[in-house]
Engineer: 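Quick one: this structure, given as structure tokens, is what I'll be asking you about.
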Amino acid sequence: MKWDMHTALWERVATGVALLLILLFSYQTLSTPQAWKNFYETSMLPFLEKPQVDESKLRSLTSQFEVVIQEAIPMKLSWIEFYGFLQDLQQKKVIPDMNYGSLYKTSDGQISFGSPWLEVEEDAKTLIEVSRQMKSLNIPFLYVQAPYKLAPNQSQLPYQIKEYGNDNANRLIAALQDEQVPIYDLREDYYHQGLSQSELFFNTDHHWTIPGALMATKLLAQEINRQLGSMIDSAMFTEESFQFEVYEDFFLGSLGKRVGVTYSGLDSFTVVTPKFDTQFTVSIFNYGAWSEKVGSFSHAILVSDFLDSNLPVETNRYAAYNGDHEIIRIMNHEVKGKKILMIKDSYGLPIYSFLACGVEEVTALDLRLFRHSVVDFAKEYQPDIVLYLFNADAVGRGSFK
Amino acid sequence: MLFSSLVFLTLFLPFTMLTYYLLKPWRQAQNFFIFLVSLFFYAWGEPIFVLILVFSIFLNWGLGLFVEKSTGKRMQRRVVLILSLALNLGIMYYFKYHMFTLSILKTWFPYLEIPFIRLPIGISFFTFQALSYVLDIYMGKVQANKNPFQVGLYIALFPQLIAGPILRYETIAEQINSRKENIADFSHGLVRFVMGLGKKVLLANQFALISEESVRRVSYGAVTPSGAWVGILAYAFQILFDFSGYSDMAIGLGKMMGFHFPENFDHPYISVSVSEFWRRWHISLGTWFREYVYFPLGGSRVSHKGRVTFNLFVVWALTGIWHGANWTFIVWGIFYFLLIAIEKAIAYEKYLVANGFPGWLMRRIGHFYTMTSVLVGWVLFRAASLRDAWCYLGVMFQQSLFQGLQPDARMILGENKVFFIAAFLACFPWNEWFSSYSPKAPHWFVFILNLAKGVVLTMGVLLILVLSVTYLVKGSYNPFIYFNF
């Protein structure tokens, strides 16, 4: 008697169950009318209205379709959770990732990525040139190096893996210093305020926490005052002047979403709002049109939709601090006299929101969306200072153009 | 469209199979349907270049008829054959090698402009299949097919269109009209497909991330020698499971529709010689070159030993060039030519392996030599340039290699132990070994063994399917190396 008898029979059993699974999956995917309706309206209809034999348009159509499938997959979060469970089961500290190469569980139990070594010369040249042009326009300029989730000279990554985010930033700063570009390296001050790593940064996201950002605003305001004389009342950015509302297990950040709650856990989210009276007009420019909102900090600046507890935890709560817009202008009707132009990435969100409490006007440009000349904008806007505030991870990626 | 994508799994596959079997009473309708979905499958990734595929189909259908009509007219037949070679290879040359040729010529003619020419996915595969059609008619192995859609079906058949196995027309001609679908083939095909999906999604994609990270880290000097070895080992696993996984899926899908494609891989990493490795790796490409290049050149049945070496050189240079327009591939091809020529010259397989003393020791030494050569070969194959390859090899063979496993290597192995163990085990022909094993045990015991095997097989297939979907939903890195060829 041979030991491979009945293989064909078992293959049929396996086939039957596998087919059932595939068909069920197929049926469930097709039974998400909203996703298909969105696809039809946003991708298919515009194409059908102007059909073109254009390779990029056809490719975009198919890739949009694949995105819909990816999104319409039944129980998507459960699949991601199962993925996270598998990583946990393997006790993995390094998770391969499509975007970041790898995600790591740090010694603090946080999820982070490591930055590769990058050439910074081009970024330095850009900043030096912008600084030179601002000088010729008589507008003070300050490059602010926001902290990276992984502190310099610490081995938070497993297996003593070397990452280069802070190295890249150090080389950029050295190149800027050689050309006397005004710099504020926020990193050291930020790490040495006596807060724990999870108080400084989200566990499941790469951003600083909101209380951390408030502290950073205070440090930044002090630095601006040091460099330009008294410009902002930095004393206002204290814990006593703000109220802190903590939502426990409320936020799964962008890194946590990639590995699942089982693996990363959930963050609490602290909403920080001023205790003092505020009145703002917030103007936002996106996709070629302005929109406006008037009211207090909590009404005009904070986007409370993102804090709805009925929304799933993977909602980007951080965007409550008025997310990534091409241009956002915040006018403070309670303070007179100073204007700040901030060029920023996503680290800038809570900073400009808080900073706006201390000056008459803050305008922030997001270089990922703003495609015009910053210098021309500043020339017309005539701010009292131009701040470039970027996370160390942005260094070496041509982020300043 | 990728086999290892949710759109294929959730929509394309169920729709195609259901419609195919609904058309079962009408073979021609079935064939026409598969032809159409094959074009759609290709157009999903190449919405414009699908026209080249259609052109190639009609061109070779016409050339095939021409060759057959020229029977008895030797000169005319030759002219048509040369025309066929020129047109097929000309299209392939333009898309694949023209930029490379211009970049070489630019050394002497600096004013030359090099236009960017995008490579249509799988052009080398469908060109070789199309050529095989005309060549088989020319050699009198088959008759020309008068139905262009059936020629189209052979050239564009979606399971193997993009990355093989490369079919020769003579092996498939009969199946186009007289294949027989049955439940046994269907279920074996589906199981094979799921196995291939698992190889691709659960192994190849994970190793792709490791190997790419290694190459990146070498570029800024952050890899130790042992880390570089582990990195290239990861690439060796990636390319094996990527390509053999794709072949498994192709063969499985073919079988679900009653087609029987030839095997493309036969556990190549257990080889004890480089010659054996190439008998087990990308078998359909080796067979193609053997049938249409090596044998017509005289093969090894020539009077001069020098001529055999020359014939080998031609085949290996072409094998290298077939894989891509880069010096790395040419050097990679010549690297294998040298190893195989030396093995032939010293009759390595015949004396050292078959009759070696002691046999097991020689096999271990042979295996070590083969795998070291293969890994060095993958460095050449993987690198973007010869300089990069040299740099990577430089790290691999640094003196500190003998200091044991360094932190980066320990990290990669530690973190991915499950994948490395699974990949290592998947390199062996367990099924073959078990199938030939007849235990001398009571019937009831063997019956229980079979039952256990059946349960493991069923649960294994389902587990692989669920795990693959999990990784696909997570959106893991999903490149197919051989799509570029």
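In what follows, every chain begins at residue 1, and chains take the letters A, B, ... in the order their sequences are listed.
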Engineer: Using non-hydrogen atoms and a 4.5 Å limit, figure out which bit of B:F419 sits close to chain A: side chain, backbone, both or neither.
Structural biologist: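 Just its side chain gets close to chain A.
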Engineer: From B:L13 CG over to A:L19 CG, what is the distance, rounded to the nearest 0.5 angstrom?
Structural biologist: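 Here the interatomic distance stands at 8.0 Å.
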Engineer: Less than 4.5 Å to any heavy atom of chain B: does that hold for the side chain of A:L86, its backbone, both, or neither?
Structural biologist: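 Just its side chain gets close to chain B.
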Engineer: For A:L30, is it the side chain, the backbone, both or neither that has a heavy atom under 4.5 Å from a heavy atom of chain B?
Structural biologist: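 Looking at A:L30, just its side chain touches chain B.
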Engineer: Has B:E415 got a side-chain atom pairing as donor or acceptor with A:K92's backbone, closer than 3.5 angstrom?
Structural biologist: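 A pair under 3.5 Å: no.
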Engineer: Less than 4.5 Å apart, any side-chain heavy atom of B:P47 and any of A:T62?
Structural biologist: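 A side-chain contact under 4.5 Å is absent here.
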Engineer: Apply salt bridge (Lys or Arg N to Asp or Glu O under 4.0 Å) to B:D248 and list each qualifying residue two or more places apart in sequence or on a separate chain.
Structural biologist: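 If we apply the salt bridge (Lys or Arg N to Asp or Glu O under 4.0 Å) test to B:D248, skipping adjacent residues, the hits are B:R192, B:K199.
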Engineer: Would you mind telling me which of B:L467, B:V461, B:L462 has the largest number of heavy-atom pairs within less than 4.5 Å of chain A?
Structural biologist: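 With the most close heavy-atom pairs to chain A, the winner is B:L462.
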Engineer: Mind checking whether A:E66 and B:L6 have side chains closer than 4.5 Å, heavy atoms only?
Structural biologist: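 Of all side-chain heavy-atom pairs linking B:L6 with A:E66, none is under 4.5 Å.
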Engineer: Between A:I22 and B:L465, is any pair of side-chain heavy atoms under 4.5 Å apart?
Structural biologist: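 Heavy-atom side-chain distance check passes, below 4.5 Å.
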Engineer: Given a strict heavy-atom distance threshold of 4.5 Å, which part of A:T29 is in contact with chain B: side chain, backbone, both, or neither?
Structural biologist: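 It is the side chain, since no backbone atom gets that close.
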Engineer: Measure the CG-CD distance between B:D185 and A:E11 for me, rounded to the nearest 0.5 Å.
Structural biologist: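 Answer rounded to 0.5 Å: 10.0 Å.
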Engineer: Test A:W10 against B:V455 for side-chain contact (heavy atoms from CB on, under 4.5 Å), laying out the working first.
Structural biologist: CA-CA 7 Å; A:W10 286 108; B:V455 173; 4.0 Å; yes
Engineer: Taking side chain as everything from C-beta outward and backbone as N, CA, C, O, which of these in A:Q87 sits under 4.5 Å from a heavy atom of chain B? Side chain, backbone, both or neither.
Structural biologist: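 For A:Q87, the side chain is the part near chain B, not the backbone.
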Engineer: How many angstroms lie between CD in B:E212 and OG in A:S102, if you round to the nearest 0.5 Å?
Structural biologist: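 Between B:E212 CD and A:S102 OG, I get 11.0 Å after rounding to 0.5 Å.
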Engineer: Do A:F85 and B:T470 have side chains that approach each other closer than 4.5 Å (heavy atoms only, starting at C-beta)?
Structural biologist: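 A side-chain contact is absent here, since even the closest heavy-atom pair is not under 4.5 Å.
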Engineer: Select one option (side chain, backbone, both, neither) describing which atoms of A:Y27 are under 4.5 Å from chain B's heavy atoms.
Structural biologist: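 The answer is neither part of A:Y27.
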Engineer: Could you check if a side-chain atom of B:W44 sits within less than 4.5 angstrom of a side-chain atom of A:L58, using non-hydrogen atoms only?
Structural biologist: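 B:W44 vs A:L58: side chains apart.
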Engineer: With heavy-atom distances below 4.5 Å as the criterion, would you say the side chains of A:W79 and B:V469 are in contact?
Structural biologist: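 SC-SC contact between A:W79 and B:V469 confirmed.
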Engineer: Ignoring hydrogens and angles, tell me if any N or O in the side chain of A:R59 forms a donor-acceptor pair with the backbone of B:G45 under 3.5 Å.
Structural biologist: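 Indeed, once roles are kept as given, a pair shorter than 3.5 Å links the two residues.
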Engineer: side-chain contact (heavy atoms from CB on, under 4.5 Å) for B:L9 and A:F25? Distances and angles first, verdict last.
Structural biologist: CA-CA 9 Å; B:L9 273 180; A:F25 212 64; 5.9 Å; no
Engineer: Can you tell if the side chain of B:L11 reaches within under 4.5 Å of the side chain of A:S26, non-hydrogen atoms only?
Structural biologist: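 Yes, at least one pair of side-chain atoms sits under 4.5 Å.
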Engineer: Please walk me through it: do A:F82 and B:V466 pass side-chain contact (heavy atoms from CB on, under 4.5 Å)?
Structural biologist: CA-CA 10 Å; A:F82 184 52; B:V466 169; 4.1 Å; yes
